[in-house]
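Each remark here refers to the structure printed beneath this line.
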Amino acid sequence: MAALAAHALPGAERVDRERRCVRRLLPLAGGPAEVSVRLAADHVAVSGEAGGAEEEVAALVRHWLGLDADVARIDAVLAADPLLEPLVAARPGLRVVGWADGFEGAVSTVLGQQVSVAAGRTFAARLLAEYGEPQPGGLVAFPAPEVLAAAPLEELRTAVGVPRSRARTVRALAAAVADGLPLRPGAEVRGELLALPGVGPWTVEHLALRAFGDGDAFPSGDLVLRRALDAESAAAAAERARGWSPHRAHAVFHLWTATAYGVR
């Protein structure tokens, strides 16, 4: 819940930590659908109007909340490390929180480059307010790739409040997705993403971790992660995490939860 609240995009989703509930739009094949997801102690309850697309909704939610991971087995591996053992003991069964919308997550990641999580959310909320599509229930659908790809560069930069180089990266990413670049679970597109202007290893590993569902993704250059590992460089962080493979993504979420999300 702390992770969901920290990354919630104002206007596109609403998080109620006390009720352990998230209300947001899911990007279904037939158009955006509003759902409410409640995290109970031993299950996830989903409600809303799926319009006959219940299986599609279920698959999206399972990816979004990492429900298919064998967390008991993963915890046993990670708990063997003295650094992670107390974190696993404090939060057994912690899952990797992905994105309900891969494109929304990718653009948010680009806007979050070299700034705090809060600042990245602010930029993404401005983009949503300018280019999003209001829906009947009061939430706003994230703009389609074609919309952002066609947005004039200076207009986009001014609306979001980011440097021109960052706005250029958003447009390049949007154009690539509009041309068919997949941002879905299991996608193997690291090389294609790295070829885009302004996209580096940090961005690609974040997307692999949260959009593609790569259980071994590890953004070694992440500043919060490096601080948690007391690593002077990305290479040092990667070396420290070597023994966590192939479950490094879950280790990352344990470390982020204990540091970046304010959970004790």
Under 3.5 Å, which donor-acceptor pairs link side chains of residues 35-42 to any protein atom two or more places apart or in another chain?
none

Check: residues 193-200 side-chain donor-acceptor pairs under 3.5 Å, at least two apart:
none

Cut-off 3.5 Å, no hydrogens considered: what does the side-chain donor-acceptor table look like for residues 235-246, sequence neighbours left out?
from   : atom 1 : to     : atom 2 : distance (Å)
Glu239 : OE1    : Arg242 : NE     : 3.4
Glu239 : OE1    : Arg242 : NH2    : 2.5
Glu239 : OE2    : Arg242 : NE     : 3.3
Arg240 : NH1    : Asp81  : OD2    : 2.9
Arg240 : NH2    : Asp81  : OD1    : 2.9
Arg240 : NH2    : Asp81  : OD2    : 3.3
Trp244 : NE1    : Asp81  : OD2    : 2.9
Ser245 : OG     : Asp216 : OD1    : 3.2
Ser245 : OG     : Asp216 : OD2    : 2.8

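Atoms CD and CG, on Gln114 and Leu223 in that order, are 11.0 Å from each other to the nearest 0.5 Å.
The 12-atom threshold is exceeded at CG of Asp70, counting heavy atoms of other residues, nucleotides or ligands nearer than 6.0 Å.
By the 4.0 Å N-to-carboxylate-O rule, Arg91 lies too far from Asp75 to be salt-bridged with it. Salt bridge status for Glu154 with Arg164: present, with a side-chain N to carboxylate O gap under 4.0 Å.
For residues 138-148, there are no side chain to side chain donor-acceptor pair (under 3.5 Å) pairs, not counting sequence neighbours. Applying the side chain to side chain donor-acceptor pair (under 3.5 Å) test to every pair with at least one member in residues 24-34, sequence neighbours left out, gives these pairs: Glu13-Arg24, Arg23-Glu34, Arg24-Glu104. Applying the ring pair (Phe, Tyr, Trp, His ring centres under 6.0 Å) test to every pair with at least one member in residues 83-110, sequence neighbours left out, gives these pairs: Phe103-Phe142. The stretch residues 167-193 participates, sequence neighbours left out, in no ring pair (Phe, Tyr, Trp, His ring centres under 6.0 Å) pair at all. Listed by first then second residue, pairs satisfying ring pair (Phe, Tyr, Trp, His ring centres under 6.0 Å) with a partner in residues 154-208 read Trp202-His206, His206-Trp256, not counting sequence neighbours. The ring pair (Phe, Tyr, Trp, His ring centres under 6.0 Å) analysis of residues 114-135, with sequence neighbours excluded, yields no pairs.
For Arg121 against Ala6, the heavy-atom pair with the smallest separation is CD-O, 2.8 Å.
Thr169 meets the side chain to side chain donor-acceptor pair (under 3.5 Å) test with no other residue; sequence neighbours excluded. Contacts of Arg166 classified as side chain to side chain donor-acceptor pair (under 3.5 Å), with partners at least two apart in sequence or in another chain: Gln113. Residues passing the side chain to side chain donor-acceptor pair (under 3.5 Å) test with Arg62 are Asp68, sequence neighbours excluded.
Formation of a donor-acceptor pair under 3.5 Å by the Arg248 side chain with backbone atoms of Phe218 is not found in this model.
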Criterion side-chain contact (heavy atoms from CB on, under 4.5 Å) on Val88 and His254, from CA distance to verdict: CA-CA 7 Å; Val88 173; His254 274 289; 3.9 Å; yes
